[in-house]
Amino acid sequence: MRNFLKRATQGGYGALRALRNLTIALILPVFPVFAEEAVKIVALGDSLTAGYGLNEGEGLVPQLQAWLDAQGAGVVIGNAGVSGDTTAGGLSRVDWALGDGADALMVTLGGNDMLRGIPAAEVRANLDGILRAARGRDLPVLLVAMKAPANWGPDYKRDFDALYVELAEEYDALLYDGFFQGLTAAGADPSDPAALARWMQGDGIHPNAEGVKLIAEALGPAVLELAARARQ
């Protein structure tokens with residue numbers, strides 16, 4: 001099984017997407033056994049959440065967990081990231097991902113929609129469905145926004161970027177306005193690939209372990225705020 005997974009991973013996005021069901025099975029359950037008093041947050045996302053291309057312990061969820069543990073936060077992050085997933089995929093599995101034990105939801109989806117130029121209205125509808133599922137369970141949500149590149153045109157960028165703000169307001173969700181804020185804070189210009197290169201993997205899309213560390217440290221306070229809402 002280990003060699004099978006290694007070959008599949010080396011096959012890139014296509015192979016990973018073909019293994020979607022296997023990936024989902026392997027992350028069951030989302031949460032191991034933890035102390036009852038810990039706030040359990042489901043991180044629903046794609047490869048940026050799953051830790052694509054990184055060694056064990058280097059992905060977003062383990063690095064964010066380490067940051068939270070260092071703060072004595074009493075928070076557990078469950079990794080519900082599936083590489084190659086879109087907002088439609090996230091919507092199709094949100095109920096399963098939340099299960100019966102989640103206290104809050106962090107949504108990190110939209111990157112693959114954006115790369116494929118999926119209409120902003122469709123992305124909005126899918127995220128709306130995810131947020132409605134969380135509302136139905138009375139769970140607070142942290143919505144982590146993605147930013148569209150300029151190559152799809154100014155109208156697409158305007159509509160795509162705005163949908164996160166609009167949905168956060170509509171559902172009273174916390175908004176983290178840009179997944180890569182940690183890199184920007186470190187001095188990287190998101191529009192300049194060369195400036196980002198030191199924190200990115202060779203594909204220029206996924207952050208390396210050092211980049212993830214910066215992202216997790218910047219995202220951490222927003223996750224603490226989400227946990228505080230869950231405790232109310």
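- Annotation: Glu170, atom CD; neighbour count of heavy atoms from other residues, nucleotides and ligands within 6.0 Å is above 12.
- Annotation: side chain of Ile77 is in contact with side chain of Val223 (closest heavy-atom distance under 4.5 Å).
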Problem set entry | Chi angles and distances behind the side chain to side chain contact (heavy atoms under 4.5 Å, CB included) call for Asp128, Leu167 | CA-CA 7 Å; Asp128 181 87; Leu167 286 171; 3.9 Å; yes

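- With hydrogens and angles ignored, the 3.5 Å screen pairs a side-chain donor or acceptor of Gln63 with a backbone N or O of Glu58.
- A donor-acceptor pair under 3.5 Å is absent between the side-chain atoms of Tyr156 and the main chain of Pro149, judged by distance alone.
- Annotation: the span from Arg93 atom CZ to Leu98 atom CG amounts to 10.5 Å, rounded to 0.5 Å.
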For this session: Give the C-alpha distance, both sets of side-chain angles, the deciding distance and a yes or no for side chain to side chain contact (heavy atoms under 4.5 Å, CB included) between Asp177 and Tyr164.
Result: CA-CA 8 Å; Asp177 196 23; Tyr164 290 93; 5.6 Å; no

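- How far CG of Leu142 is from CG of Leu44: 12.0 Å, rounded to the nearest 0.5 Å.
- Not a single donor-acceptor pair under 3.5 Å links the side chain of Asp113 to the backbone N or O of Thr86.
- Atoms CG and CE, from Leu226 and Met106 in turn, are 8.5 Å apart once rounded to the nearest 0.5 Å.
- A pairwise comparison of heavy atoms in Ala133 and Asp95 identifies CB-OD1, 4.0 Å as the closest pair.
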Problem set entry | Trace of the side chain to side chain contact (heavy atoms under 4.5 Å, CB included) decision for Ile118 with Asn126 | CA-CA 11 Å; Ile118 293 175; Asn126 292 331; 5.8 Å; no

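- Distance alone, capped at 3.5 Å, places no donor-acceptor pair between the Glu225 side chain and the Pro221 backbone.
- Distance alone, capped at 3.5 Å, is enough to place a donor-acceptor pair between the Arg137 side chain and the Gly99 backbone.
- Distance check, rounded to the nearest 0.5 Å: CG of Leu60 to CG of Leu48 gives 8.0 Å.
- Taking the side chain as every heavy atom from C-beta outward, Arg231 and Val75 approach each other to under 4.5 Å.
- Between Val212 and Pro207, the shortest heavy-atom contact is CG2-CG, 3.7 Å.
- For the residue pair Asp85 and Gly90, the shortest heavy atom distance occurs at OD2-N, 3.6 Å.
- Two residues are said to be in side-chain contact when any heavy atoms from C-beta on lie closer than 4.5 Å; Leu183 and Met200 meet this criterion.
- Between Met146 atom CE and Asn112 atom CG the span is 8.5 Å, to the nearest 0.5 Å.
- In this structure, Ser83 and Ala50 approach most closely via the heavy-atom pair OG-CB, 4.0 Å.
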For this session: May I have the step-by-step check of side chain to side chain contact (heavy atoms under 4.5 Å, CB included) for Leu127 and Tyr171, ending in yes or no?
Result: CA-CA 11 Å; Leu127 289 174; Tyr171 284 90; over 6 Å; no

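- In this structure, the side chains of Gln65 and Asp69 come closer than 4.5 Å at one or more pairs of heavy atoms.
- The backbone N or O of Ala120 lies less than 3.5 Å from no partner atom in the side chain of Asp159, so there is not a single donor-acceptor pair.
- Lys157 contributes a side-chain N or O that, together with a main-chain N or O of Ala148, makes up a donor-acceptor pair within less than 3.5 Å.
- Nearest heavy-atom pair, Ala102 versus Leu139, reported as atom, atom and distance to 0.1 Å: O-CD2, 3.4 Å.
- A donor-acceptor pair is defined here as one N or O able to donate and one able to accept, closer than 3.5 Å; no such pair exists between the side chain of Asp46 and the backbone of Leu109.
- What you find for Gln181 and Tyr176 is that their closest heavy atoms are CB-OH, 3.3 Å.
- Distance CG/Asp103 to CG/Asp138: 11.0 Å, rounded to 0.5 Å.
- Side-chain atoms of Gln201 do not come within 3.5 Å of backbone N or O of Asn208 as any donor-acceptor pair.
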